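Heads up: the structure comes next, in structure tokens.
This structure is a prediction, so every number in the text was calculated from the model and none was measured. Residue numbers start from 1 in every chain, and the chains themselves are labelled A, B, ... in the order their sequence lines are given, proteins ahead of strands.
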Amino acid sequence: MARAVSRNAKIGWTIAAWSVALIIFFPILYTIITSLKTEQEAISGFNLIPSFSLSSYEAVQSQNNYWRPFSNSVVIAVGSTLLALIVAIPAAWAMAFSPTKRTKDILMWMLSTKMMPAVAVLVPIYLIFLRTGLMDTRTGLVIVLMLMNLPIVVWMLYTYFREIPGEILEAARMDGASLRDEILYVLTPMAVPGIASTLLLNIILAWNEAFWTIQLTTTNAAPLSAFIASFSSPQGLFWAKLSAASTMAIAPILILGWFSQKQLVRGLTFGAVK
Amino acid sequence: MATRQTASLARLMRAPAIILLLIWMVIPLGMTLYYSFLNYNLLNPSVTSWAGWFNYQYFYTDPAFLESIWNTIVLVLGVLLITVCGGIGIAMLIDKPIFGQGIVRILVISPFFVMPPVAALIWKNMIMHPSYGVFADIAKFFGASPVDWFAQFPLLSIIIIVAWQWLPFATLILLTALQSLDGEQMEAAEMDGAPAISRFIHLVLPHMARAITVVILIQTIFLLGIYAEILVTTNGGPGFASTNLTFLIYRAARLNFDIGGAAAGGIIAVILANIVAIFLMRAVGRNLD
């Protein structure tokens, strides 16, 4: 009897949860559906079944040279993340394994740089970019996004490294392992998962960044976020094509994101919620 | 001996990150502060002169400034209200024993990974468009006349879009907190006949209090900087009806070429963000020990 009631309850909760989830997901779903319609279909009223036409995808690629912003996005997101990791891994490592009295202050200060609103430094960064020729270059954006995400990268790595037990190091030292052996065979294997998670989350953050990418690029170095923003002008307004461009812009990161839900909580709350 | 060696090595390993962040923070902020006291317009850069507090005064007495501050507050509070309340509800729903929990989670979390310009354009064109949007289709179905969202309710429209983007974040963090709730305690309360509402108020809410605080503070930091969503939908209009402080500074810098004015606005934005940041740092700092 009790079992039957709980089964009914489960079905009830399932229906409720799925309804809410589908409503939240609907704008994305409808964009994917619309991208598979012809332009005519796209503006002829509500319709969930497209004709599975790929013409919009072809049009976006041939007319708008889609691969240029796409490759810019890849270079900028991956480049800025790798660069941040190169700087952050030693720093987080040192703070986790040889903490000093000031380590906590340093970490808090790093966090505070993340609180600085981007728009507050728009004027100087814009002028520096104009004068140094960094404007509309991938190099410029890689540098800015690297600096912007560096505090999060250090923090995430620090919270992961801190979980590696110090006793293991002592044991390795007792067995006569050199510093090089220690890093290569003991710490690295334990640190890799944390580094991978950090990498994943920061690629997502850099891919979706839409303030500096719009401010500091025009055509050559514009990644997808800036490219799609240019669709807001009236001449670019074709529903199916906009949907196709949008779908291609979000699909890679959506899939990466599904794999990084846990890291998201940890990374964006600076370890405050695990 | 060995420890001294380790300590200096550690200092060397920390240095690049610290120096880079120091440069990134001190130089641009210092420049912003300096520019904020200059009469400096990119259209006429040769007549740059010392302005004293004029830029601040000008920014402060501009009616658009007060409107943009008000819009910033409404935008932040509106989105927080929707995402925190919605997030608690959805997190509790997903936490129930349901079929396909993993897929439900994935569907709910997805909007967070949609880049801001795409999210805003999807809503602008597919959902809220007065002739081709889904809302218009629904209105027509019920025989009502469609609403021109961005003309009639510009700020509300942006609140809805931004709330859609941040609801997943709130839900995911609150769900993480909820899942660490002691199941036995809940069962005991249930056995004692505590009604669902009092279980929620006395057990669930206090347990989630910390996570809710973190959600509010982190979202506020990001919500103060909302930019792309406004740019691609209303462009701050009609008038200044959907211009927040970030967008007003952008306009001053990039459309009016007023470097001094934009810099003064930037300093005001820093002060606003710092007020929030102090609370966030306390919440996070407590967890560090």
message: Determine whether B:Trp164 and B:Ile160 satisfy the following criterion, side chain to side chain contact (heavy atoms under 4.5 Å, CB included), listing intermediate values before the conclusion.
response: CA-CA 6 Å; B:Trp164 177 74; B:Ile160 293 172; 5.7 Å; no
Taking every non-hydrogen pair under 4.5 Å, which of [options] racks up the most with chain A?
options                                : result
B:Leu21, B:Ile268, B:Ile122, B:Val114  : B:Leu21
B:Pro16, B:Ala17, B:Ala273, B:Ser110   : B:Ser110
B:Leu12, B:Ile221, B:Val134            : B:Val134
B:Val108, B:Thr32, B:Ile249            : B:Thr32
B:Arg14, B:Met115, B:Met126            : B:Met115
B:Ile103, B:Thr171, B:Thr233, B:Leu272 : B:Ile103

Chain B: which of [options] shares the most heavy-atom pairs with it under 4.5 Å?
options                               : result
A:Leu205, A:Val154, A:Leu127          : A:Leu127
A:Ile125, A:Ile250, A:Ile24           : A:Ile24
A:Ile23, A:Val87, A:Leu29, A:Ile204   : A:Val87
A:Ala226, A:Ser112, A:Ala118, A:Ala84 : A:Ser112
A:Phe97, A:Tyr126, A:Phe26            : A:Tyr126
A:Ile86, A:Leu22, A:Val20, A:Ile28    : A:Ile28

Identify which part of [X] has an atom lying under 4.5 Å from any heavy atom of chain B, answering side chain, backbone, both or neither.
X        : value
A:Ile253 : both
A:Thr113 : both
A:Leu254 : both
A:Ile128 : side chain
A:Glu209 : neither
A:Ile228 : both
A:Phe211 : both

Heavy-atom distance under 4.5 Å to chain A: side chain of [X], backbone, both or neither?
X        : result
B:Leu172 : both
B:Tyr250 : both
B:Phe112 : both
B:Ile127 : side chain
B:Phe99  : both
B:Ile259 : both
B:Trp24  : both
B:Ile109 : side chain

query: Are A:Thr31 and A:Ser243 side-chain neighbours, meaning at least one heavy-atom pair lies under 4.5 Å?
result: yes
With no hydrogens and no angle check, is any side-chain donor or acceptor of [X] less than 3.5 Å from a backbone partner on [Y]?
X        : Y        : answer
B:Trp123 : B:Met128 : no
B:Thr72  : B:Leu245 : yes
B:Asp95  : B:Leu175 : no
A:Trp239 : B:Asn125 : yes
B:Gln165 : B:Pro111 : no
B:Lys140 : B:Ser131 : yes
A:Ser73  : A:Leu224 : yes
B:Arg254 : A:Gln215 : yes

field: Stepwise side chain to side chain contact (heavy atoms under 4.5 Å, CB included) check, A:Leu242 with B:Lys124
entry: CA-CA 11 Å; A:Leu242 171 67; B:Lys124 182 189 181 185; over 6 Å; no
- prompt: Does atom CH2 of A:Trp13 have more than 12 heavy-atom neighbours from other groups under 6.0 Å away?
  reply: no
Stepwise side chain to side chain contact (heavy atoms under 4.5 Å, CB included) check, A:Lys114 with A:Leu150: CA-CA 9 Å; A:Lys114 189 69 200 150; A:Leu150 190 56; over 6 Å; no
field: B:Leu22 vs A:Trp109, side chain to side chain contact (heavy atoms under 4.5 Å, CB included): CA-CA, chis, key distance, verdict
entry: CA-CA 10 Å; B:Leu22 205 61; A:Trp109 167 74; 3.4 Å; yes
- request: Mind checking the OG1-CG spacing from A:Thr159 to A:Leu157? Nearest 0.5 Å is all I need.
  value: 8.0 Å
message: For the residue pair A:Ser225 / A:Thr213, report whether a side-chain donor-acceptor contact shorter than 3.5 Å exists.
response: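 Present: a donor and an acceptor within the cut-off.
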